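In this text, all values refer to a predicted model and were calculated from it rather than measured experimentally. For this chain, numbers begin at 1 and follow the sequence in order.
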Amino acid sequence: QVQLVESGAGLVQAGGSLRLSCAASERTYGTYAMGWFRRAPGKERELVAVLSASGLIAFYGDSVKDRFTISRDNAKNTVYLQMNNLKPEDTAVYYCAAHRIDRADRANSVVGDSDEYEYWGQGTQVTVSS
């Protein structure tokens, strides 16, 4: 099983930026779709961003689109979430997740359903103050 470790927790003011990292214990490029999800207190888990195993296709939740960017550094087995123009409603625990694909022709698929992700990191807290 691939292990995922998030980092980048922080407290920022509204309008600020923060970068989260997700380090994987093994190569994920080409074999795992990667995703960022978040959960705020009293709310359900929410899609933030997902990235295809190929790294070519990304999809974002409506609430973060045009503000957040997901990317990956294949050499470092690391996925990033760049968060700009943060809002108080972005406050949540952010989780990195991996969904294994077994077919090369699925390398460009993006999976937005958190239930499809088999492996999860421990989460990292992001707090945005107003």
Is there a donor-acceptor pair under 3.5 Å between the side chain of Glu6 and the backbone N or O of Gly123?
->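 Flag set: sc Glu6 to bb Gly123 pair under 3.5 Å.
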[X] vs [Y] side-chain heavy atoms within contact, under 4.5 Å:
X	Y	result
Glu26	Asn77	no
Ser109	His99	no
Tyr60	Ile70	yes
Leu18	Phe68	no
Val2	Arg100	no
Tyr29	Arg72	yes
Arg19	Met83	no

Distance flag, aromatic centroids of Tyr117 and Tyr95, threshold under 6.0 Å | no
Would you compute the distance between atom [atom1] of [X] and atom [atom2] of [Y] and round it to the nearest 0.5 angstrom?
X	Y	atom1	atom2	result
Thr28	Met34	OG1	CE	5.0 Å
Ser130	Lys87	OG	NZ	13.5 Å
Gln13	Leu86	CD	CG	11.5 Å
Asn108	Ile101	CG	CD1	8.5 Å
Asn85	Asp66	CG	CG	10.5 Å

Grouping I, L, V, M, F, W and Y whenever their side-chain heavy atoms are under 4.5 Å apart, do [X] and [Y] come out in a common cluster?
X	Y	result
Val79	Leu56	no
Trp36	Val64	yes
Leu51	Leu4	yes

List in chain and number order the residues that pass side chain to side chain contact (heavy atoms under 4.5 Å, CB included) with Thr127, two or more places apart in sequence or in another chain; answer none if no residue qualifies.
-> Leu11, Thr91, Gln125
Donor + acceptor pair across side chains of Ser63, Glu89 (<3.5 Å) | no
Shortest non-hydrogen contact from [X] toward [Y]:
X	Y	value
Ala98	Tyr32	CB-CD2, 3.7 Å
Val50	Val110	CG2-CB, 4.0 Å
Gly8	Thr124	C-OG1, 4.1 Å
Thr78	Ser21	CG2-CB, 4.2 Å

Paired with Arg38, the side-chain contact (heavy atoms from CB on, under 4.5 Å) test is passed by just one of Asp90, Leu81, Leu47, namely Asp90
Does CG in Asp62 sit with more than 12 non-hydrogen atoms of other residues, nucleotides or ligands closer than 6.0 Å?
->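 Atom CG in Asp62 is not packed in, count stays at 12 or less.
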When you look at CZ of Phe59, are more than 12 heavy atoms from neighbouring residues, nucleotides or ligands closer to it than 6.0 Å?
->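 Count not over threshold, so no.
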Here the disulfide (SG to SG under 2.5 Å) pairs for residues 21-130, sequence neighbours left out, are Cys22-Cys96
Measure from NZ or CZ of Arg45 to the centre of the six-membered ring of Trp120 and say whether it is under 6.0 Å with the direction within 45° of the ring axis.
-> yes
